[in-house]
Undergrad: 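First the structure, which I've put down as structure tokens, then a few questions once you've had a look.
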Amino acid sequence: MDLAATKCWFIWKERCLRVFEKKERTPEQLAVDISRHYNYWHPHSSSINLHKHSKNTAKNIHWIFPSRDIIKLNCDASWVSKNTNAGFWFVLRNWLGTDKGAGMGIFRGSTTEEAEALPLLHTTRWAIQNNLQNLVIEGDNQVTINFLQGKEVSVQWKCLAILEEVKASVTTLVSFLGFQHVDRRANKVADLLAK
């Protein structure tokens with residue numbers, strides 16, 4: 001019943017968007033929005049679905065604390081389409097898991113990959129501005145993190161300049177320990193806040 005009501009509400013919102021603002025989303029974008037909204041407000045349903053799959057997918061992956069005197073910046077973006085605003089969030093925590101800072105922003109991105117690259121740039125700039133040391137930056141987008149780690153991956157041309165700027169910027173940080181890829185479930189705080 002909750003899912004049916006959520007679908008009806010989003011279809012109504014889409015109708016209003018088309019009639020009053022002369023904008024529209026593709027059916028795929030609408031389906032993603034409905035799914036994200038439903039999973040956010042009804043997490044019990046998605047956890048039930050996880051248990052129906054295999055034991056491997058039901059594992060609960062958590063954020064891993066950094067070593068002593070190391071800090072981690074986790075960042076993520078929420079992107080639906082090039083026609084809507086996207087959001088990003090980053091959170092800084094120490095080896096005790098204590099929140100030491102955070103930031104967020106809104107931007108427009110033309111692709112998912114670009115939307116994942118821009119938060120890395122903002123996060124890096126914030127780290128430089130705050131003179132952070134002994135820092136690890138974590139994200140859940142495999143392609144962008146692999147590129148920043150120096151691995152050979154194919155990156156869209158729109159993201160290349162952004163990621164190259166990120167690579168150049170981190171060289172100014174003292175004791176920068178690198179970029180790490182984490183599972184989205186281990187990046188849950190940044191992921192949920194970005195949404």
Undergrad: What pair of heavy atoms forms the shortest contact from V189 to V91, and how long is it?
TA: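 That would be CG1-CG1, 4.1 Å.
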
Undergrad: Out of curiosity, T171 OG1 to I128 CD1, how far, rounded to the nearest 0.5 Å?
TA: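 If I round to the nearest 0.5 Å, the distance is 7.5 Å.
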
Undergrad: Of all the heavy-atom pairs spanning Q149 and H181, show the shortest one and how long it is.
TA: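 Residues Q149 and H181, closest heavy atoms: NE2-N, 4.2 Å.
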
Undergrad: Output yes when a side-chain donor or acceptor of E14 lies under 3.5 Å from a complementary backbone atom of R25, and no otherwise.
TA: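 Yes; at least one donor-acceptor contact below 3.5 Å.
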
Undergrad: Mind checking what makes side-chain contact (heavy atoms from CB on, under 4.5 Å) contact with K82, not counting sequence neighbours?
TA: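 Partners of K82 under the side-chain contact (heavy atoms from CB on, under 4.5 Å) test: S110.
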
Undergrad: Give a yes or no on whether L160 and I145 share a hydrophobic cluster (residues Ile, Leu, Val, Met, Phe, Trp, Tyr; joining criterion: side-chain heavy atoms under 4.5 Å apart).
TA: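 Yes, one cluster joins them.
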
Undergrad: Side chains of Q156 and K158: do they bring a donor and an acceptor to under 3.5 Å?
TA: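 Their side chains do not contain a donor-acceptor pair, so the 3.5 Å distance test is not met.
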
Undergrad: In Å and rounded to the nearest 0.5 Å, what is the OG1 to CG distance from T123 to D76?
TA: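 Those atoms lie 9.5 Å apart.
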
Undergrad: Please say yes or no: joined through hydrophobic side-chain contacts below 4.5 Å, possibly via intermediate residues, are V155 and I162 part of one cluster?
TA: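 Linked within one cluster.
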
Undergrad: So which residues get pulled into W63's cluster when ILVMFWY side chains under 4.5 Å apart are joined, directly or through others?
TA: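 In the cluster with W63 are F65.
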
Undergrad: Verify, without hydrogens or angle tests, whether S67 (side chain) and I70 (backbone) share a donor-acceptor contact under 3.5 angstrom.
TA: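 No, S67 side chain to I70 backbone: no donor-acceptor pair under 3.5 Å.
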
Undergrad: To the nearest 0.5 Å, tell me how far L135 CG sits from F176 CZ.
TA: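 Rounded to the nearest 0.5 Å, the CG-CZ separation comes to 5.5 Å.
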
Undergrad: Would E138 and R93 pass as an ion pair if we require N to O under 4.0 Å?
TA: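 Not counted as a salt bridge, because no side-chain N and carboxylate O are separated by less than 4.0 Å.
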
Undergrad: Around atom NZ of K167, are there more than 12 heavy atoms from other residues, nucleotides or ligands closer than 6.0 Å?
TA: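 Enclosed.
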
Undergrad: Membership question, hydrophobic clusters at under 4.5 Å side-chain separation (ILVMFWY): are L121 and F179 in the same one?
TA: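 Hydrophobic grouping puts F179 with L121.
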
Undergrad: As a quick check of understanding, evaluate side-chain contact (heavy atoms from CB on, under 4.5 Å) for T84 and Q29, giving each step before the final call.
TA: CA-CA 11 Å; T84 60; Q29 292 166 337; over 6 Å; no

Undergrad: Kindly work out whether a path of hydrophobic side-chain contacts (I/L/V/M/F/W/Y, heavy atoms less than 4.5 Å apart) joins V182 to V143.
TA: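 Not linked; separate clusters.
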
Undergrad: To the nearest 0.5 Å, how far apart are CZ in R18 and CZ in R15?
TA: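 If I round to the nearest 0.5 Å, the distance is 11.5 Å.
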
Undergrad: Contact between E113 and T144 at the side-chain level, heavy atoms closer than 4.5 Å - yes or no?
TA: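 Touching, per the 4.5 Å side-chain cut-off.
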
Undergrad: Can you measure from NZ (K23) to CG (N83) and round to the nearest 0.5 angstrom?
TA: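 Result: 8.5 Å between the selected atoms.
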
Undergrad: Which pair of non-hydrogen atoms, one from A117 and one from L163, has the smallest distance, and what is that distance?
TA: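 Looking at all heavy atoms of both residues, the shortest contact is CB-CD2, 3.8 Å.
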
Undergrad: So, for S169 and T124, which heavy atoms are closest and what is the spacing to 0.1 Å?
TA: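 So the two residues come closest at CB-CG2, 3.7 Å.
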
Undergrad: Filter on ring-ring contact (aromatic ring centres under 6.0 Å, His included), then keep only pairs touching residues 129-174, sequence neighbours left out; what's left?
TA: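 Output for this query is empty, none listed.
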
Undergrad: Shortest non-hydrogen contact from F107 to A77?
TA: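 For F107 and A77, the tightest heavy-atom pair comes out as CZ-CB, 4.3 Å.
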
Undergrad: ring-ring contact (aromatic ring centres under 6.0 Å, His included): which pairs involve residues 118-142, sequence neighbours left out?
TA: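 Applying ring-ring contact (aromatic ring centres under 6.0 Å, His included) to every pair that reaches into residues 118-142, excluding sequence neighbours, yields F88-H122, F90-W126.
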
Undergrad: Can you list the residues that meet the ring pair (Phe, Tyr, Trp, His ring centres under 6.0 Å) rule with W95, with sequence neighbours excluded?
TA: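 For W95 there are no ring pair (Phe, Tyr, Trp, His ring centres under 6.0 Å) partners, ignoring immediate neighbours.
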
Undergrad: Could you tell me which non-hydrogen atom of C75 sits nearest to which non-hydrogen atom of I137, and how far apart they are?
TA: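 Minimum heavy-atom separation between C75 and I137: SG-CG2, 4.5 Å.
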
Undergrad: Just how far is it from atom CG of D33 to atom OG1 of T6, taken to the nearest 0.5 Å?
TA: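 It comes to 12.0 Å.
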
Undergrad: Check whether more than 12 heavy atoms from other residues, nucleotides or ligands sit under 6.0 Å from atom CD1 of I64, and answer yes or no.
TA: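 At most 12 heavy atoms, drawn from other residues, nucleotides or ligands, come within 6.0 Å of this atom.
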
Undergrad: Would the distance check show the side chain of N94 and the main-chain N or O of L96 forming a donor-acceptor pair, the cut-off being under 3.5 Å?
TA: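 Yes: the side chain of N94 pairs with the backbone of L96.
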
Undergrad: Could you list the cluster mates of W79? Members are the ILVMFWY residues connected by side-chain heavy atoms closer than 4.5 Å, either directly or through other members.
TA: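 When side chains under 4.5 Å apart are linked, W79 ends up in no cluster with other residues.
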
Undergrad: In terms of hydrophobic clusters joined by side-chain contacts under 4.5 Å, are L173 and L120 together?
TA: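 Looking at the clustering, L120 is in the same group as L173.
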
